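First comes the structure, then the notes that go with it.
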Amino acid sequence: MAFRQGRGAGVAAVIASNFFFAAMAAVARMLSSDLSGAFVSLGRFIVGAALASATIAARGSGFAIRDPKDVVLRGVYGSAGMVLYFVSIELSGAGRGTVLNTT
């Protein structure tokens with residue numbers, strides 16, 4: 001599916017994505033003083049699943065999985081990466097955790 005909304009929409013999407021990623025790191029750091037990084041990651045997965053499900057339901061078009069193995073592997077690697085990201089934020093702070101995540 002191709003989206004043809006123009007360059008401005010793409011730039012706005014990238015800016016919004018960066019903003020929400022930074023906000024997620026800041027909130028994870030605030031929560032990590034009381035909760036473990038793994039628990040914060042679980043909360044992020046639950047919120048993400050709810051938002052994705054609501055978006056799919058609102059669009060009404062559904063989606064199709066072409067290769068289940070790739071979807072499962074993406075889920076496993078993505079989950080492991082996100083858990084490690086939140087644990088690194090818990091142990092070292094949002095800035096260092098983000099640097100570790102991007103390396």
Side-chain angles (χ1 to χ4, degrees):
M1 173 187 298
F3 296 101
R4 302 182 194 278
Q5 297 178 350
R7 179 183 163 103
V11 171
V14 169
I15 291 171
S17 175
N18 286 318
F19 171 78
F20 287 121
F21 193 82
M24 178 185 64
V27 169
R29 180 61 182 159
M30 287 188 303
L31 293 175
S32 68
S33 62
D34 297 327
L35 305 169
S36 73
F39 188 77
V40 174
S41 180
L42 175 65
R44 190 247 187 221
F45 291 132
I46 291 170
V47 170
L51 290 173
S53 298
T55 301
I56 291 168
R59 291 180 62 191
S61 62
F63 65 95
I65 298 174
R66 291 183 177 84
D67 188 359
K69 179 184 171 195
D70 287 344
V71 173
V72 170
L73 288 175
R74 171 63 175 104
V76 169
Y77 292 137
S79 298
M82 193 55 60
V83 169
L84 291 172
Y85 176 53
F86 284 128
V87 169
S88 68
I89 288 175
E90 175 188 6
L91 296 175
S92 67
R96 286 186 182 155
T98 301
V99 169
L100 289 170
N101 185 48
T102 58
T103 57

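By convention here, the first residue in the shown sequence is residue 1. Everything numeric here is computed off the predicted structure, so don't read it as measured data.
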Could you list all the side-chain hydrogen bond (donor to acceptor under 3.5 Å, both in side chains) pairs where at least one residue sits in [range], not counting sequence neighbours?
| range | result |
| --- | --- |
| residues 63-80 | none |
| residues 88-103 | Y85-T98 |
| residues 26-39 | none |

Between [X] and [Y], is there a shared hydrophobic cluster once you connect ILVMFWY residues whose side-chain heavy atoms come closer than 4.5 Å?
| X | Y | value |
| --- | --- | --- |
| V27 | V83 | yes |
| L91 | M82 | yes |
| I89 | L84 | no |
| V87 | V99 | no |

inquiry  = Using a 6.0 Å cut-off, check whether atom CZ of F21 has over 12 heavy atoms from anything other than its own residue.
reply    =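 Counting neighbours around CZ of F21, more than 12 heavy atoms of other residues, nucleotides or ligands fall under 6.0 Å, so yes.
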
For [X], which residues count as a side-chain contact (heavy atoms from CB on, under 4.5 Å) partner, sequence neighbours excluded?
| X | answer |
| --- | --- |
| I46 | L42 |
| V11 | R7, I15 |
| V72 | V76 |

key: Pairwise distance CZ(R44) to CE(M24) - rounded to 0.5 angstrom   =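 Between R44 CZ and M24 CE, I get 5.5 Å after rounding to 0.5 Å.
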
request  = Quick one: closest heavy-atom pair of A94 and A25, and the distance?
outcome  =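 Heavy-atom minimum between the residues: CB-O, 4.0 Å.
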
query = For the side chain of T55 and the backbone of L51, is there at least one donor-acceptor N/O pair under 3.5 Å apart?
reply =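 Yes; at least one donor-acceptor contact below 3.5 Å.
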
message = Would you say that F86 contacts L35 through its side chain, given a criterion of any heavy-atom pair below 4.5 Å between the two side chains?
response =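 In short, these two side chains do not touch, never coming nearer than 4.5 Å.
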
